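Notes to accompany the following structure.
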There are 4 protein chains.
Amino acid sequence: MNIHSSTQMTPPPATARARTAPVADKREAIMTAALELFVERGFFGTAVPEVAERAHVGAGTIYRYFESKEALVNALYRDQKMKMISALLTDFPASALAREQFATIWGRMARFADENPNGFAFCELHHHASYLDAESLAVEQRSTDLIINFIEHSQRRGEIRKAPPYMLIGIVMGAFIGVVRWAREQNIQMTPEHWALAQQCAWEAIRS
Amino acid sequence: MNIHSSTQMTPPPATARARTAPVADKREAIMTAALELFVERGFFGTAVPEVAERAHVGAGTIYRYFESKEALVNALYRDQKMKMISALLTDFPASALAREQFATIWGRMARFADENPNGFAFCELHHHASYLDAESLAVEQRSTDLIINFIEHSQRRGEIRKAPPYMLIGIVMGAFIGVVRWAREQNIQMTPEHWALAQQCAWEAIRS
Amino acid sequence: MNIHSSTQMTPPPATARARTAPVADKREAIMTAALELFVERGFFGTAVPEVAERAHVGAGTIYRYFESKEALVNALYRDQKMKMISALLTDFPASALAREQFATIWGRMARFADENPNGFAFCELHHHASYLDAESLAVEQRSTDLIINFIEHSQRRGEIRKAPPYMLIGIVMGAFIGVVRWAREQNIQMTPEHWALAQQCAWEAIRS
Amino acid sequence: MNIHSSTQMTPPPATARARTAPVADKREAIMTAALELFVERGFFGTAVPEVAERAHVGAGTIYRYFESKEALVNALYRDQKMKMISALLTDFPASALAREQFATIWGRMARFADENPNGFAFCELHHHASYLDAESLAVEQRSTDLIINFIEHSQRRGEIRKAPPYMLIGIVMGAFIGVVRWAREQNIQMTPEHWALAQQCAWEAIRS
DNA sequence: TATGAATGAGTCTTCATTCAT
DNA sequence: TATGAATGAAGACTCATTCAT
């Protein structure tokens with residue numbers, strides 16, 4: 001076990017990097033393949049050699065980039081969560097009204113879920129408790145804190161109803177996830193109108 | 001393979017039952033142990049001998065009551081879903097206003113989740129696609145239909161906002177599940193006040 | 001392990017025997033059921049509880065009559081071999097010509113195979129080496145010796161060709177078994193004419 | 001499941017073969033070990049890990065070469081039967097007299113049984129009904145047809161006695177098998193003289 | 001560096017045997 | 001005496017991981 005973030009394992013030094021990024025591509029290919037398979041069949045239902053095959057690499061190669069299957073799933077989880085956080089934070093309208101901020105958050109999550117359905121499904125539609133490590137849980141916490149901040153701030157301004165912030169997050173995120181799950185199960189493509197309607201519902205749930 | 005509902009496999013008749021129900025207790029113990037472990041570690045993350053150990057029975061004994069690990073998880077799922085359906089339906093105020101009906105549904109689900117947290121977590125917090133059989137999915141559908149009926153009926157009466165019923169279910173159930181998950185993760189005991197507050201939020205989300 | 005013939009295990013003393021032979025019937029039923037199943041599915045392919053079920057007794061009951069599954073199969077083997085020996089020996093025309101004695105032996109084996117097809121198939125069509133004990137092998141030897149005696153005696157009288165007696169036994173018994181197997185596989189009912197024809201062939205093989 | 005002859009599963013290409021054939025040797029070692037054990041203890045009496053141990057490979061390795069234990073036994077059976085067919089057919093004296101053809105067949109089978117005693121014992125001394133697949137049974141049929149052809153042809157020429165061909169095959173093959181079994185059980189090494197003698201006996205059994 | 005053949009620990013499941021009733 | 005529920009050792013098979021090439 002590596003002392004620091006053992007699951008990061010940056011690809012072997014790659015003396016002559018660049019050109020066609022031959023090395024990073026492999027890590028990327030592995031993660032993409034793993035993401036697809038974990039969403040399709042779950043963590044335990046996916047065999048490492050299957051990931052290797054879909055990524056067009058040898059089974060042993062995966063272990064040059066990830067210490068273990070568990071390290072791989074954690075790297076994947078953190079990667080997706082970070083992307084979501086980044087999507088939420090970029091140019092956040094810090095001084096806007098709560099209503100507008102809420103619309104921004106919802107819209108960005110919607111865009112993320114639309115553009116990266118596997119990533120969203122992987123992070124939110126599955127239960128990961130048993131194999132996520134402390135670092136992954138910390139990243140999860142960071143993503144939660146973002147919305148907590150928004151809620152607490154808006155509560156102080158009287159724009160969101162008084163209630164335990166964690167409960168409100170549960171309601172809002174739960175509703176969002178519920179909508180996505182509905183669309184998946186009914187095999188429906190979310191339209192901007194669907195998203196707007198759902199957003200309105202969610203806002204009504206928490207507005208003061 | 002048993003012709004009828006192979007996963008039921010009632011324990012051997014046990015003609016001379018009585019006293020401490022020595023036979024049914026074993027089936028019960030297995031189901032309880034399995035429920036706990038499936039919630040903790042998921043279906044694939046749980047080994048059958050672990051279930052046996054926690055239930056204080058031999059590994060082989062499980063197969064006297066359930067044809068396979070899959071039959072066990074399906075029996076468990078159906079059992080819990082049926083209990084939830086039954087809790088929802090008993091003396092349902094069929095002619096009340098939507099607001100009151102909603103409060104009834106929410107309150108009964110809350111009670112179910114309070115009294116049977118593992119059962120609820122198992123049914124709603126996990127994903128079950130790959131190993132649930134047709135019968136289990138049918139039971140799931142029945143439980144969904146219950147709420148769909150309520151929503152469509154209330155929409156016709158103008159008491160719930162116009163929106164695809166499945167989306168509203170996603171929002172309401174998602175919010176409910178989000179609240180439960182929040183309480184589990186924060187290790188908070190839901191109070192009647194919490195439930196009432198959450199219910200109010202959820203109602204605002206869908207009222208017309 | 002019992003010191004003497006552990007596999008015999010005469011039924012429990014049966015203080016009040018007689019009447020409807022309630023005890024011996026059980027041993028008989030077990031052996032009949034086991035014979036059928038061993039022929040159908042082989043020794044390893046047959047589960048003890050299956051034998052119990054077909055014999056209409058409890059699984060534990062079998063162990064009151066036989067020490068183990070292996071003891072059961074040995075008892076069965078010896079039982080059938082003894083029956084065959086007894087069929088061969090009764091009123092054997094000790095002073096007849098070899099040709100007639102051969103016809104007698106062949107005819108009695110044919111009758112045995114016709115009347116007790118499972119018993120014959122069990123003894124001759126299967127390989128039993130790995131689980132037969134010394135006593136069973138001794139009985140097998142006795143049955144072989146019978147025919148050896150006939151062959152050696154007839155050789156001395158010049159009626160059967162000079163050749164190692166064990167080889168001739170191999171040829172005659174092999175031919176007999178080959179005919180029975182042919183009939184089973186082609187699903188043909190052996191007629192007296194078939195038997196006579198086969199007997200003639202076999203006789204030609206060994207006559208001097 | 002492989003589409004074509006799943007039991008063939010040629011070992012991974014092994015592009016850089018040569019020298020001591022390091023790859024094919026493993027498949028070979030497994031088949032040899034399995035052949036020995038199946039002869040000693042039967043198919044159901046042999047555990048896969050036992051085969052692995054005797055072949056000096058890991059238990060999992062067997063499954064890289066054979067889809068299942070059943071696939072292994074079928075591959076083995078077909079392999080041996082094909083070898084025997086090939087031995088019988090090579091340069092068969094198609095226009096010779098029946099007597100000479102018979103001697104050829106007998107002699108070649110004798111040679112096969114001498115050189116490959118386990119292979120012969122496996123194919124002929126055991127019963128295989130339950131786990132042989134259609135392809136194996138077809139190969140078995142081909143091998144029977146060879147001799148059937150010989151018999152029918154010779155019957156038409158009046159050189160072999162009139163009798164159901166399948167019965168004659170039973171007699172001849174039974175006699176052959178009986179001789180081999182006799183030699184095995186008496187632990188006798190068959191000499192050319194033994195074979196010639198036995199052949200003479202068998203011929204007398206069927207000649208017209 | 002990348003590979004994939006090999007491995008053996010661990011999985012689900014069966015079944016011979018025991019023992020409380 | 002007879003039972004059959006219970007058991008746990010053993011079986012077939014899978015798969016995360018290693019290591020020789």
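Convention: sequence-line order gives letters A, B, ...; per-chain numbering from 1. Model, not experiment: these values are computed from the prediction.
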Item to check | Nucleotide F:dA12, atom P - distance to CD1 of D:I62 in whole Å | outcome: 9 Å
Checklist outcome for this item: Sequence neighbours excluded, the answer for salt bridge (Lys or Arg N to Asp or Glu O under 4.0 Å) partners of A:R41 is A:E50
Item to check | Residues touching DNA chain F, which here means a heavy atom under 4.0 Å, drawn from residues 51-58 of chain C | outcome: C:V57, C:G58
Checklist entry - Taking atom P of E:dA16 as reference, at what distance in whole Å does atom OH of C:Y131 sit? => result 13 Å
Item to check | From B:F122, B:F38, B:Y77, residue fulfilling ring-ring contact (aromatic ring centres under 6.0 Å, His included) relative to B:F43 | outcome: B:F38
Checklist outcome for this item: side-chain contact (heavy atoms from CB on, under 4.5 Å) filter on C:L125, not counting sequence neighbours, yields C:F120, C:A121, C:I177, C:R181, C:R184, D:H127
Item to check | ring-ring contact (aromatic ring centres under 6.0 Å, His included) partners of D:H56, counting only residues at least two apart | outcome: none
Between the protein and nucleotides 10-13 of chain E, which nitrogen or oxygen pairs come in under 3.5 angstrom?
residue: E:dC12; atom: OP1; partner: B:T46; partner atom: O; Å: 3.3
residue: E:dC12; atom: OP1; partner: B:K69; partner atom: NZ; Å: 2.7
residue: E:dC12; atom: OP2; partner: B:V48; partner atom: N; Å: 2.9
residue: E:dT13; atom: OP2; partner: B:Y63; partner atom: OH; Å: 2.6
residue: E:dT13; atom: OP2; partner: B:K69; partner atom: N; Å: 2.9
residue: E:dT13; atom: O5'; partner: B:Y63; partner atom: OH; Å: 3.4

Next on the checklist: Can you list everything that forms a side-chain hydrogen bond (donor to acceptor under 3.5 Å, both in side chains) with C:D79? Sequence neighbours excluded, please.
Outcome noted: C:K83
Item to check | Counterpart residues, side-chain contact (heavy atoms from CB on, under 4.5 Å), relative to D:S68 (two or more places apart) | outcome: D:E70, D:A71
Next on the checklist: Show me, range against range, the stems involving DNA chain E, built from at least 3 consecutive Watson-Crick or G-U pairs below 3.5 Å.
Outcome noted: E:2-21 with F:2-21
Item to check | All side-chain contact (heavy atoms from CB on, under 4.5 Å) counterparts of B:V57, not counting sequence neighbours | outcome: B:K26, B:I30, B:A52, B:A55, B:T61, B:I62
Checklist entry - For A:G60 and C:T61, take the nucleotide of DNA chain F holding the closest heavy atom to each; which residue's nucleotide lies nearer the 5' end? => result C:T61
Next on the checklist: Just verifying a value: how many Å separate C:F66 CZ and C:M31 CE, rounded to the nearest 0.5 Å?
Outcome noted: 5.0 Å
Next on the checklist: Rounded to whole Å, please give me the gap between CG in B:D25 and P in F:dA6.
Outcome noted: 11 Å
Checklist outcome for this item: B:R64 atom CZ is separated from F:dG4 atom P, nearest whole Å, by 10 Å
Checklist entry - Can you check the A:I30 CD1 to F:dT17 P distance for me, whole Å? => result 14 Å
Checklist outcome for this item: Taken to the nearest whole Å, CG/C:L37 to P/E:dA16 is 12 Å
Checklist outcome for this item: The salt bridge (Lys or Arg N to Asp or Glu O under 4.0 Å) partners of B:E40 (sequence neighbours excluded) come to B:R54
Checklist entry - In whole angstroms, how far is the P atom of F:dA10 from the CZ atom of D:R41? => result 14 Å
Item to check | Nucleotide E:dA16, atom C1' - distance to OH of C:Y65 in whole Å | outcome: 19 Å
Checklist entry - A:S136: what forms a side-chain hydrogen bond (donor to acceptor under 3.5 Å, both in side chains) with it, not counting sequence neighbours? => result A:N74, A:R78, A:D133
Checklist outcome for this item: Sorted by chain and number, sequence neighbours left out, salt bridge (Lys or Arg N to Asp or Glu O under 4.0 Å) with B:K81 holds for B:E124, B:E140
